[in-house]
Amino acid sequence: MKGVQIGEGLKLALYVGFFLLFVACTPGLPPHAEYSQYRSFPTTNLDSCPEGRKDGLSDPDIIFKGKIKGPKSFASYNGKLYTGVLNGYVVRIDDVSLVPVVKFGTSCDQRWEDPKCGRPLDMKFDKDGALYVCARIQWNIQSRRRNRRSGNIYWTHYSTVFELIDLLYTNYADPSGRFMLYNATSGDNQVLIRGIAANGVALSEDGESALIADTLSSRILKYTIKGTKAGSHEDFAIDLPGQPLNILPDGRGRYLVTLMRLPRIVSMAWYSPCLRRMFSRLVYLAETPLRWLDSNFFISYLRRLLHFVRNFEGISRHMPKIAVVLTIDREGKIIDTVCNFDLGSPFADYLSRVLMKQAFPQLAD
C-alpha cells in the first residue's frame, strides 16, 4: 500500500513537472515579452541600514491616515506641498485637509480601475508657478524633468510592453523602458536610451547631463547632454542597496535617491530567465478566466482581485516596509544614508513627516 502511494506521488510529481516544463518552454505563450539573462540584483541588501543613520527617519508624524492612497512625488510652491495619488488626482496638502487640484484620466469608481483613473507620477513647478505633471493615462509614462535653458523635457517610460498596473509582469520580463527627450521646438520625442527599467530623472545644475534611475538593475545611469561625450551614457552609481525610484538634486551639487526593496519572490526568480517566464505564464494562465468574466459580466470584486494580483498590492503587506534615502555626490559615491524599517510602501494610505534638521541636517540651515 505504501509503495502504491509513493508511486502515485511520483506520478503526480512527474505530471506537474511536465506541465511546468511545457509552460516555461513552449514558444508563443502569453504574456509576450523577452526573458533573458540580465543584470542581477546587488549582493547588498536592506536588512539593515547600510552605514546609515537609523534615527534619520525615525518617529515620523503620520498624517492623513486613511484619507490618501499611494502618494508619489512631491512639489512645492508658495509654501504649499502637492502630491499625486492613486485615483488620478493631484492634491494640495493643507494643514488639516487635502485639496484636489487637477484630475487625470476619466472618472472611476474605485482605485483598482487603474487604466481609467490615471496616475500622476512626477511633478514640478516652474519659476512662474506653472505645474508640470507627468502622468500615466491608459499607458505607462513614468517621470520627467524640464531643462529650463532649452525648454526640452526629459522623461522616462518604465515599460513599452506592459501597462503600469502590470507591475508583476513588468518586473519579471526583461526591462523594456526608455529614457526620452521631448523637443519643445519640434514637438517630437526622441529615444535616448532603450532596454532599462527607467524611473526617476534628475538634471544636473548646469544642464549638461541627466541621471536616470534604472530600477531593476539597482543602479543610476548618467546621460551626457552636452560636450564631447554628448549622446552617450554610463554607469553613475551601481550596486545600490536596493532599487532606486526617485532622484532629487539637493541644491548643493548632490542628489537624494529613494530606494525600495522588491519582494523576495521577485528577486529570487530574477536570476533565472526560465523561472521568470514560467511564473509570469502561470499567473497569466490563472488570470485568463477572471479577465473573461470581468470583461463580459463586469463583476467588481473580480476587477479588484485582478488589480491586487497584477500590481503587487495584494502582496505588499508581505513586502519589507523600508524607507531609505541615499545622499550621493557628483561622482556617484554614497555619502549618507537614512532609514526607517517600519514605514515605506507604494500603496501607503498615509503621509509620514519628519523634520528636515533630523533627516538631512546639512540641508536644514
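Excluded from the calculations below are hydrogen atoms, water molecules and symmetry mates; all remaining heavy atoms, backbone and side chain alike, are included. This is a predicted model, so every value here is computed, not measured.
- By the 4.5 Å heavy-atom criterion applied to side chains, R277 and S280 are not counted as neighbours.
- Between D94 and R92 a salt bridge is recorded (basic side-chain N to carboxylate O distance below 4.0 Å).
- Here NE2 of H233 is found 6.0 Å from CG of L221. Values are rounded to the nearest 0.5 Å.
- Tested against L351 for a side chain to side chain contact (heavy atoms under 4.5 Å, CB included), the candidates I63, I62, L81 yield a single pass: I63.
- Residue pairs satisfying the salt bridge (charged side-chain N to carboxylate O under 4.0 Å, His left out) criterion with at least one member in residues 189-198, sequence neighbours excluded, are absent.
- What you find for R281 and V23 is that their closest heavy atoms are NH1-O, 2.7 Å.
- With hydrogens and angles disregarded, a donor-acceptor distance shorter than 3.5 Å links the side chain of K69 to the backbone of F347.
- Relative orientation of the Y223 and F179 rings is perpendicular, given thresholds of 30° and 60° on the angle between their planes.
- With hydrogens and angles ignored, the 3.5 Å screen pairs a side-chain donor or acceptor of R252 with a backbone N or O of Q362.
- W155 and N189 form a side-chain donor-acceptor contact under 3.5 Å, judged by distance and modelled atom types alone.
- Looking at L363 and M356, their side chains come closer than 4.5 Å, going by heavy atoms from C-beta outward.
- Contact between P244 and A213 at its shortest, heavy atoms only, is O-CB, 3.9 Å.
- Residues V96 and F64 fall into different hydrophobic clusters, defined by Ile, Leu, Val, Met, Phe, Trp and Tyr side chains chained together at heavy-atom separations under 4.5 Å.
- Taken from CG in D61 to CZ in R353, the straight-line distance is 5.0 Å, to the nearest 0.5 Å.
- Shown here for P120 and A135, the closest heavy-atom pair between the two residues is CA-CB, 3.8 Å.
- Contact check for I247 versus I220: side-chain heavy atoms found under the 4.5 Å cut-off.
- For K222, the NZ atom counts as loosely surrounded, since its 6.0 Å shell holds 12 or fewer non-hydrogen atoms of other residues, nucleotides or ligands.
- Rounded to the nearest 0.5 angstrom, M278 CE and L21 CG are separated by 10.0 Å.
- Remark: the backbone N or O of K80 is not paired with any side-chain donor or acceptor of S76 at under 3.5 angstrom.
- A salt bridge links D214 with R219: at least one charged nitrogen is closer than 4.0 Å to a carboxylate oxygen.
- Side chain of S272 to backbone of L275: a donor-acceptor contact under 3.5 angstrom is found.
- For the atom pair CE (M260) and CG (N246), the distance works out to 10.5 Å, reported to the nearest 0.5 Å.
- Within the 3.5 Å criterion, the main-chain N or O of A130 finds no donor-acceptor partner in the side chain of D128.
- Side-chain contact between T337 and C339 is present, with at least one heavy-atom pair separated by less than 4.5 Å.
- In the hydrophobic clustering of ILVMFWY residues, with side-chain heavy atoms under 4.5 Å counting as a link, V85 and M123 come out apart.
- Ring geometry, F125 versus Y77: the interplanar angle falls under 30°, so the pair is classed parallel (tilted spans 30 to 60°).
- Atom CG in D239 sits 7.5 Å away from atom OG in S218 (nearest 0.5 Å).
- One hydrophobic cluster holds both L290 and W292 under the rule that ILVMFWY side chains link at heavy-atom gaps under 4.5 Å.
- A heavy-atom distance below 4.5 Å is found between the side chains of I225 and L203.
- Hydrophobic cluster membership is shared by L181 and I193, with clusters built from Ile, Leu, Val, Met, Phe, Trp and Tyr side chains linked at under 4.5 angstrom.
- A donor-acceptor pair under 3.5 Å links the side-chain atoms of T156 to the main chain of N199, judged by distance alone.
- Closest approach of N183 and N152 over heavy atoms only: CA-OD1, 3.5 Å.
- Geometrically, K65 does not engage Y350 in a cation-pi contact, judged by NZ or CZ lying under 6.0 Å from the ring centre and within 45° of the ring axis.
- Two residues are said to be in side-chain contact when any heavy atoms from C-beta on lie closer than 4.5 Å; F236 and I212 fail this criterion.
- No donor-acceptor pair closer than 3.5 Å links the side chain of E287 to the backbone N or O of L282.
- Although no hydrogens or angles enter the test, the distance criterion places no donor-acceptor pair under 3.5 Å between the side chain of D166 and the main chain of T170.
- Looking only at side-chain heavy atoms (C-beta outward), S204 and Y255 come within less than 4.5 Å of each other.
- For D329 and K333, the salt-bridge test fails: no basic side-chain N is under 4.0 Å from an acidic carboxylate O.
- Tracing side-chain contacts under 4.5 Å through hydrophobic residues (I, L, V, M, F, W, Y), one reaches L211 starting from I334; they form part of the same cluster.
- Heavy-atom contacts from other residues, nucleotides or ligands closer than 6.0 Å to CD of E234 number more than 12.
- Looking only at distances, no side-chain donor or acceptor of T258 sits under 3.5 Å from a matching main-chain atom of V325.
- Proximity of the aromatic rings of Y169 and F162 is defined here by a centroid distance below 6.0 angstrom, and this criterion is met.
- Looking only at side-chain heavy atoms (C-beta outward), F104 and V133 come within less than 4.5 Å of each other.
- No side-chain donor-acceptor contact under 3.5 Å links S97 to the backbone of I93.
- For the atom pair L57 CG and N340 CG, the distance stands at 6.0 Å (nearest 0.5 Å).
- Among all heavy-atom pairs drawn from V338 and A359, the shortest one is CG1-O, 3.5 Å.
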Requested in this report: Give the intermediate values and the outcome of side-chain contact (heavy atoms from CB on, under 4.5 Å) for residues V101 and V91.
Outcome: CA-CA 5 Å; V101 175; V91 297; 5.7 Å; no

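- By the 4.0 Å N-to-carboxylate-O rule, D174 lies close enough to R276 to be salt-bridged with it.
- Residues A237 and G332 come closest through the heavy atom pair CB-O, 3.6 Å.
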